[in-house]
Amino acid sequence: MDGDPAVESGLDSFSLTLPLPYRIALVIVLGAWAWGVNLHYLALAKIDVPSLLQYPSRASPRTDPPHHLSTYRLATLLSLPLGFSLLLFWALSHRNPELVIHYDYLPMSYLCVILAIFFLPIRRFSSAGRTRFLTTLRRVSIGGIAQAGAGKFGDILLADVLTSYAKIIADLFVALCMFFQANGSATSRPDRGCGGQYIVPIVIAIPSLIRFRQCIIEYLRVKASNKRNGGIGSQGWGGQHLANAAKYFSAFPVIILSALQRNLSLDHEDVGLTETALYRLWLLAVFVNSFYSFYWDVTKDWDLSLFTSARTTSSYPFGLRPRLCFPSKEIYYFAIVTDLLLRCTWSLKLSPHLDHFADFESGIFLMGLLEVGRRWMWIFFRVETEWVRNTSSGGLGAPGMGPGQDDVLLGDFSSSGRDTDDEDFDFED
């Protein structure tokens with residue numbers, strides 16, 4: 001049995017094979033491989049990702065490996081010790097609960113290896129890329145965002161990725177918390193109340209808070225620029241930044257209500273809500289968040305016309321846009337449907353047969369993996385959209401089709417609408 005925490009207190013079958021720290025490590029390594037695939041395919045589609053990210057040019061383009069190859073090498077460097085560590089763990093533990101708990105230092109040591117690899121000065125394994133990643137992460141981690149033309153798109157891309165890794169980050173906190181507890185073990189049954197029943201929800205909310213702050217910063221920059229110029233400029237009044245901020249803010253009620261549902265039996269009187277009322281509020285909150293985010297993915301992040309009046313024009317396929325960099329329109333339709341389905345995995349809770357699936361450790365892991373996979377797919381189209389915006393008017397930015405003046409949120413300002421308020425709102429660090 002996989003182990004419903006409501007009825008079983010011991011290690012479940014899934015955790016005997018793949019304890020929590022290894023699940024975290026596996027998703028991190030898969031993320032490195034996935035980014036390599038992103039870079040590789042986008043390069044084949046003639047999309048210059050490094051230029052969009054303001055990544056420094058290769059010192060010797062003819063002899064230096066392409067960026068995707070460097071990423072593959074880094075992913076290989078991460079994968080080999082993971083494979084060795086897992087095989088050693090399985091050989092020593094034999095899926096015996098006591099031994100699984102005892103050998104928790106093996107997966108935790110591997111997590112330390114991951115950290116060390118990012119600081120190793122080995123040029124062959126994407127040294128510049130690792131340095132750039134850590135620099136960007138440092139800025140993004142406090143909700144900062146680079147100026148236009150100085151890596152802003154990369155900051156936004158990384159912060160959005162962090163929102164998809166929110167539960168993985170929370171699981172990392174749980175593993176560390178259990179590891180450093182007296183008589184605790186990182187490979188025992190995950191205690192998501194470790195450190196306090198609301199600490200994990202707060203950790204989950206941090207990536208959305210980062211993106212929320214970035215959107216507010218963008219709004220303040222536009223507002224200051226308009227004030228300086230004595231009127232609304234080409235970047236608009238900043239309304240789209242506020243609308244994007246509202247999207248990330250809509251995640252907070254979902255996180256709060258989910259936490260209250262999980263702990264309702266502990267503080268039912270304090271909450272002052274019945275289980276049914278709390279469930280209905282959660283259902284409303286998750287519905288708004290999912291469909292608002294789906295609309296934003298399709299219309300704003302990918303510049304597709306599906307939800308606009310321009311969707312039926314004869315100059316390009318239904319619901320898409322004039323310029324498409326990928327070879328088939330079916331790819332875009334597949335992405336739209338897949339994005340919707342993966343945005344709505346919470347609907348499993350509506351099924352009387354699958355409502356407890358997300359309570360199992362295997363279910364939690366699969367849900368997190370699916371969200372990371374959705375973000376991986378999203379990156380292809382988000383980067384393609386940025387490329388179209390920066391190289392032509394073939395997105396919805398074509399005359400009469402938007403992106404409107406406020407759509408500069410996700411791309412750099414044009415030279416005529418460039419941030420002129422940088423000294424007033426310098427939030428890079």
Side-chain angles (χ1 to χ4, degrees), residues 1-31 82 85-87 89-90 92-108 110-111 114 164-181 183-204 254-255 258-259 261-266 282 286 342 345-374:
M1 188 173 178
D2 195 30
D4 186 341
V7 296
E8 292 186 40
S9 57
L11 274 173
D12 57 275
S13 177
F14 183 69
S15 294
L16 290 174
T17 303
L18 201 63
L20 183 63
Y22 276 128
R23 302 201 291 266
I24 298 166
L26 183 60
V27 177
I28 293 173
V29 173
L30 286 176
L82 173 60
S85 180
L86 260 176
L87 291 174
F89 181 82
W90 289 337
L92 294 174
S93 66
H94 302 289
R95 301 187 78 249
N96 181 301
E98 292 184 0
L99 294 177
V100 166
I101 291 173
H102 175 72
Y103 287 110
D104 68 331
Y105 58 85
L106 286 177
M108 296 304 291
Y110 175 72
L111 291 177
I114 291 179
S164 291
Y165 270 82
K167 291 185 179 180
I168 308 300
I169 296 170
D171 278 348
L172 177 60
F173 167 81
V174 169
L176 291 171
C177 180
M178 294 194 303
F179 183 72
F180 288 108
Q181 271 188 334
N183 300 318
S185 171
T187 51
S188 60
R189 171 176 288 282
D191 176 15
R192 291 184 172 83
C194 190
Q197 58 181 316
Y198 295 115
I199 297 298
V200 169
I202 290 173
V203 174
I204 292 174
V254 177
I255 295 169
S258 295
Q261 280 186 307
R262 190 174 298 112
N263 299 291
L264 186 61
S265 60
L266 300 178
W282 170 84
V286 75
L342 294 181
T345 52
W346 53 266
S347 61
L348 290 175
K349 291 188 176 183
L350 305 181
S351 168
H353 303 292
L354 299 173
D355 58 335
H356 288 294
F357 177 75
D359 295 327
F360 298 123
E361 287 303 316
S362 57
I364 294 172
F365 175 68
L366 180 59
M367 291 296 187
L369 200 58
L370 286 174
E371 171 56 22
V372 171
R374 187 199 65 80

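Worth saying up front: this structure is predicted, and the values here are computed from it rather than measured.
One distance of note links CZ of Phe179 with CG of Leu20; it measures 13.0 Å at 0.5 Å rounding. Rounded to the nearest 0.5 Å, atoms SG (Cys177) and CG (Asp191) are 7.0 Å apart. Put simply, CD1 on Ile199 and CZ on Phe173 are 6.0 Å apart, with the number rounded to the nearest 0.5 Å. Expressed to the nearest 0.5 Å, how far CD1 of Ile24 lies from CG of Leu172 amounts to 5.0 Å. Separation of atoms CG (Leu86) and CG (Leu26) is listed at 7.5 Å; rounding is to 0.5 Å. Interatomic distance, Met367 CE to Leu369 CG, rounded to the nearest 0.5 Å: 11.5 Å.
Residues Pro21 and Tyr110 fail the side-chain proximity criterion, which asks for heavy atoms closer than 4.5 Å. Taking the side chain as every heavy atom from C-beta outward, Met108 and Leu176 approach each other to under 4.5 Å. Between Arg192 and Ile364 the shortest side-chain heavy-atom distance falls below 4.5 Å.
Proximity of a side-chain donor or acceptor of Trp282 to a complementary backbone N or O of Gln261 within less than 3.5 Å is not detected. A side-chain donor-acceptor contact under 3.5 Å links Ser188 to the backbone of Ser185. A donor-acceptor pair is defined here as one N or O able to donate and one able to accept, closer than 3.5 Å; such a pair exists between the side chain of Asp104 and the backbone of Ala186. Between the side chain of Ser164 and the backbone N or O of Val372 there is no donor-acceptor pair closer than 3.5 Å.
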Checklist entry - Hey, mind stepping through Glu371 and Ile168 against side-chain contact (heavy atoms from CB on, under 4.5 Å) and telling me if it holds? => result CA-CA 10 Å; Glu371 171 56 22; Ile168 308 300; over 6 Å; no
Checklist entry - How far apart are the C-alpha atoms of Phe365 and Val27, what are their side-chain angles, what is the distance that settles it, and do they pass the side-chain contact (heavy atoms from CB on, under 4.5 Å) test? => result CA-CA 9 Å; Phe365 175 68; Val27 177; 3.8 Å; yes
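Residues forming a side chain to side chain contact (heavy atoms under 4.5 Å, CB included) with Ile169 (at least two apart in sequence, or on another chain): Leu162, Tyr165, Val203, Pro207.
Of all heavy-atom pairs spanning Thr187 and Pro19, the tightest one is CG2-CB, 3.6 Å. The heavy-atom pair separating Ile204 from Ala170 by the smallest distance is CG1-CB, 3.5 Å. Scanning all heavy atoms of the two residues, the minimum distance from Thr17 to Arg95 falls at OG1-NE, 2.8 Å.
Identified under the side-chain hydrogen bond (donor to acceptor under 3.5 Å, both in side chains) test for residues 18-28, with sequence neighbours left out: Ser15-Arg23, Tyr22-Ser85, Arg23-Glu361.
When Leu99, Leu92, Val100 are each tested for a side chain to side chain contact (heavy atoms under 4.5 Å, CB included) with Asn96, only one passes: Leu99.
Phe360 has its ring centre no less than 6.0 Å from the ring centre of Phe14.
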